[in-house]
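Note sheet for the following structure.
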Amino acid sequence: SYNSSEVFYPQELWPNMYHVSSTFNDTGNTFYNFQVRDSFGNLGSTRDSVYYQVVFPNTNSIFSWPNLMARIKIKPNSVVSSSSIALHVGDFENQNLRSNYSSVSDFYHLLPYDIEFNKEIELSFDLQDEIYDEENLYIMKLVQDEWVPLVTNKENNKLYSYIDDGGVY
């Protein structure tokens, strides 16, 4: 929520490894700022966000990732019962994955990874502010540490594909 913040103190799991957990209080974007200090007093931090939402069986739904570059459209009866999803953008620069392809965007996580949809949902990326050769762009899915290209449609500065499960795109 934009109006409230909480401070969490992690528990040490083993030397130099800590963990903290929390639950979502509400749907929508949650912004977080992790701050850490090492034994020498050096301070490090990271800022990030995640979008949390509930998908209901009988409604059309459109959800966007926190950076608003990608969105999913979910049709009625795509889920059997109310299901929680989370959308997160992950940085691709620090990833070493086997692939003959080059990434032009961050990683887009649709969580839980094991969610399955009864009907294909539309995953789309907005290209309005970017200059790309659209003929060579594809939406891809990360499968066992390899990028697999999906059938990708291109129109009106938008790339879109149809998917039936969670994952990293």
Side-chain angles (χ1 to χ4, degrees), residues 1-13 16-38 42-56 59-75 78-79 82-97 99 101-117 121-132 137-143 145 147 150 152 157-169:
S1 166
Y2 290 105
N3 300 328
S4 65
S5 65
E6 295 182 61
V7 176
F8 295 98
Y9 296 95
Q11 295 180 342
E12 187 171 19
L13 295 175
N16 300 317
M17 182 61 68
Y18 296 86
H19 172 76
V20 66
S21 63
S22 177
T23 58
F24 291 102
N25 294 329
D26 200 358
T27 58
N29 277 320
T30 298
F31 300 89
Y32 51 92
N33 179 359
F34 291 110
Q35 296 182 358
V36 295
R37 187 177 304 268
D38 66 16
N42 297 314
L43 182 65
S45 69
T46 183
R47 295 173 191 260
D48 216 334
S49 61
V50 65
Y51 182 78
Y52 171 76
Q53 195 55 259
V54 178
V55 179
F56 296 99
T59 60
N60 281 312
S61 302
I62 299 175
F63 304 124
S64 294
W65 269 261
N67 67 0
L68 303 177
M69 185 174 171
R71 73 181 69 55
I72 53 174
K73 291 182 183 177
I74 304 173
K75 294 182 179 180
S78 293
V79 292
S82 298
S83 302
S84 298
I85 62 167
L87 306 177
H88 173 70
V89 180
D91 187 6
F92 76 92
E93 291 183 28
N94 298 324
Q95 303 294 324
N96 293 319
L97 302 171
S99 178
Y101 300 97
S102 297
S103 179
V104 296
S105 76
D106 291 326
F107 295 160
Y108 288 78
H109 298 255
L110 171 53
L111 303 150
Y113 296 133
D114 62 353
I115 191 170
E116 293 183 4
F117 298 99
I121 66 171
E122 182 183 289
L123 168 63
S124 64
F125 289 85
D126 184 6
L127 303 176
Q128 288 182 337
D129 296 334
E130 305 295 335
I131 300 172
Y132 297 115
L137 289 180
Y138 296 92
I139 296 174
M140 305 186 78
K141 182 176 183 184
L142 186 60
V143 179
D145 289 337
W147 288 106
L150 304 177
T152 303
N157 292 322
K158 180 175 95 167
L159 296 179
Y160 64 96
S161 188
Y162 294 94
I163 60 174
D164 59 7
D165 58 0
V168 181
Y169 296 91

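Excluded from the calculations below are hydrogen atoms, water molecules and symmetry mates; all remaining heavy atoms, backbone and side chain alike, are included.
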Y113 and V168, any side-chain heavy atoms less than 4.5 Å apart | yes
Mind listing the closest non-hydrogen atom pair of S124 and Y160 along with its distance?
-> CB-CB, 3.8 Å
Partners meeting side chain to side chain contact (heavy atoms under 4.5 Å, CB included) with D164 (sequence neighbours left out) | E120
In terms of heavy-atom contacts, L87 and V50 come closest through O-CG2, 3.4 Å
When rounded to the nearest 0.5 Å, the distance separating OH of Y52 from CD1 of I85 is 9.5 Å
Identify, with sequence neighbours excluded, every residue that meets ring-ring contact (aromatic ring centres under 6.0 Å, His included) alongside Y108.
-> W65, F125
Residues passing the side chain to side chain contact (heavy atoms under 4.5 Å, CB included) test with L68, sequence neighbours excluded, are S64
Q11, CD atom: more than 12 neighbouring heavy atoms under 6.0 Å = no
State the CD1-NZ distance between I62 and K75, to the nearest 0.5 angstrom.
-> 11.5 Å
Mind checking side chain to side chain contact (heavy atoms under 4.5 Å, CB included) for D114 and listing every partner two or more places apart, or none if nothing turns up?
-> P112
Quick one: OH on Y169 to CG on L123, what's the gap to the nearest 0.5 Å?
-> 7.0 Å
Which pair of heavy atoms, one from I74 and one from I72, lies closest together, and at what distance?
-> CD1-CD1, 3.8 Å
Does S83 have any side chain to side chain contact (heavy atoms under 4.5 Å, CB included) partners at least two apart in sequence or in another chain, and if so, which?
-> V79, I115
Out of curiosity, D106 CG to M69 CE, how far, rounded to the nearest 0.5 Å?
-> 8.5 Å
Indicate the ring-plane relationship of F107 and H109, choosing parallel, tilted or perpendicular according to the 30° and 60° boundaries.
-> perpendicular
Point-to-point distance, once rounded to the nearest 0.5 Å, from CD1 of I121 to NZ of K73 | 12.0 Å
Does the side chain of T152 come within less than 4.5 Å of L137's, by heavy atoms?
-> no
Closest non-hydrogen atom pair, S161 against I139 | N-CD1, 3.7 Å
Measure from the ring center of Y138 to the ring center of W147 and say whether it is less than 6.0 Å.
-> no
